[in-house]
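Data first, discussion second: the structure below is written as structure tokens.
Because the structure is a prediction, the values reported are computed rather than measured. The residues of the chain are indexed from 1 along the displayed sequence.
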Amino acid sequence: MTHTPELRPDQETPKKQTVSTWIEKRLPIFSTFRREYIQFPMPRNLNIWWAFGAVLTVVLLLMLATGIFLAMSYTPSATGAFASIEMIERSVPSGWLLRALHMAGSNLFLAFLYLHLFRGLYYGSYKNPRELVWFSGLFLMLMVMMTAFAGYILPWGQMSYWAANVVIQAISSVPLIGEGLAHWLMGGSSPNDLTLHRYFVLHFVMAFFIIGVVFIHVICLHVVKSNNPKGIEPKTKEETLPFYPYYVAKDGVVIVFALLLLVVLAFFFPDWLTNSENYMPANPLETPANIAPEWYFLPFYGILQIIPSKFLGLLLSVGSLLLLFAVPWLDRSPIKSAKYRPLYRVALLLLVISFVMLGIVGKYHSHTGLVWFGRLALLYYYVHFLVILPFSEKFELKRTLPTSLLDEKEAK
Ligand code: HEM
């Protein structure tokens, strides 16, 4: 007969040793997961804009999965790339599906990325103490843009080739170092086999770096916790809800709708967002009539088109992105959410219109009549960040903010 030793009143009943308790003792992943993704306190008033981060994460994983399988059949050489893409579309089992999901996924990813960034601008999520969340997000955006650009080169169609060529031209306009830098990046004076190989490696490797930076982004967010539509920090437990089940369910619904949109795009409109010119193999001797990048790069391409000096165009185009890093310091208003800043809301609307206008100019840049509209839009873009953001606070009507997230009364 076995004898169970008597426990002193201050002793805990020993827990049954299971695999999970064994792991937990050595690497506390289960308790960390419970703390960060189950019990994690979220502001109770989050709206749909707060679901896009989760959508981005899911689409990113889908891009990675489809990308790895595509890479297994892709040939990264100037002579084989185009044919290997055709083979994926026609002969590889479900290759067409993988490619359609990867292409629709990239468009959806960039669309949600812009919405996610806009949410940050609208609700002031970049402000103290969330500056590092904003920074890591911007790094992600730069990395995603590099990856998307490299991906566009890989089919080695007409647009792939000529888009790479436009970038070389832009880089080589940098005084003193431009020519050398472009030559070094391309491995020659025009896009060639070496260029394609480099872009393939860049595209593949960046995807994993992006996943790493997403971890940093979310860790930064979990230290300072989420902002919310009212832009005031929750002070009591009643103003928050645990992440599980409330936001798991809410994010889940938005993810399902986003995936539905993805399959509708992939199955019914696989070529809607691509340029038909890219279904012709790259030909260095024949320039397409209208070289244009994917829609998500159009505003930046538009800037290159409306400035006569190539170098200045490049500076303003790259500067329009880098300017976003300074936003936490440029905005001096103590109020976070644009909900309580009517003047800033109008300014933000004008910013969106200018951005779209620049995109239209990028797409139809050969229509010379659009150039001045583009220049006006560009002027507003810079004025918004360098003048309106720092000084608008002086002209805003003073508002009394709600004191709690439970407060149903809106600010007057
Ligand atoms: C690969 C791209 C990205 C992924 C996967 C990602 C993921 C996430 C996730 C999961 C969240 C928490 C849920 C939410 O608030 O939506 C979040 C929050 C946030 N992200 Fe991103 N993000 C990305 C890019 C960006 C970019 C480009 C920016 C803007 C510069 C950004 C800025 C923010 C901010 C400010 C928050 C906190 C928002 C708040 O609490 O109000 N993120 N992100």
Under 3.5 Å, is there a donor-acceptor pair between the side chain of T66 and the main chain of M63? yes
Determine yes or no for a side-chain-to-main-chain donor-acceptor pair under 3.5 angstrom, with N275 supplying the side chain and N278 the backbone. no
H203 vs Y199, test: side chain to side chain donor-acceptor pair (under 3.5 Å). Steps then yes/no. CA-CA 6 Å; H203 187 69; Y199 277 79; over 6 Å; no
Closest approach of [X] to [Y] (non-hydrogen atoms, all atoms of both residues):
X: I153; Y: L196; answer: O-CD1, 3.9 Å
X: W295; Y: L110; answer: CH2-C, 4.1 Å
X: S160; Y: W156; answer: OG-N, 3.4 Å

With W50, the ring-ring contact (aromatic ring centres under 6.0 Å, His included) member among Y123, Y122, Y247: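 Answer after filtering Y123, Y122, Y247: Y123.
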Partner of T21 under side chain to side chain donor-acceptor pair (under 3.5 Å), chosen from E24, Q17, K25: Q17
Distance flag, aromatic centroids of F385 and Y381, threshold under 6.0 Å: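 Centroid distance Y381-F385: below 6.0 Å, so yes.
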W134 six-ring face occupied by R130 cation (under 6.0 Å, within 45°): no
Ring-face cation contact, W372 with R375, 6.0 Å cut, 45° max: yes
Residues D331 and K336 bridged, charged N to O under 4.0 Å: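 Salt bridge: no.
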So that I can tick it off, tell me whether E86 and R90 are bridged by a salt bridge, with the cut-off set at under 4.0 angstrom between side-chain N and carboxylate O.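 Looking at R90 and E86, the cut-off is met.
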Could you tell me whether [X] atom [atom1] has more than 12 heavy atoms of other residues or ligands within 6.0 Å of it?
X: F69; atom1: CZ; result: no
X: F269; atom1: CZ; result: no
X: Y114; atom1: OH; result: yes

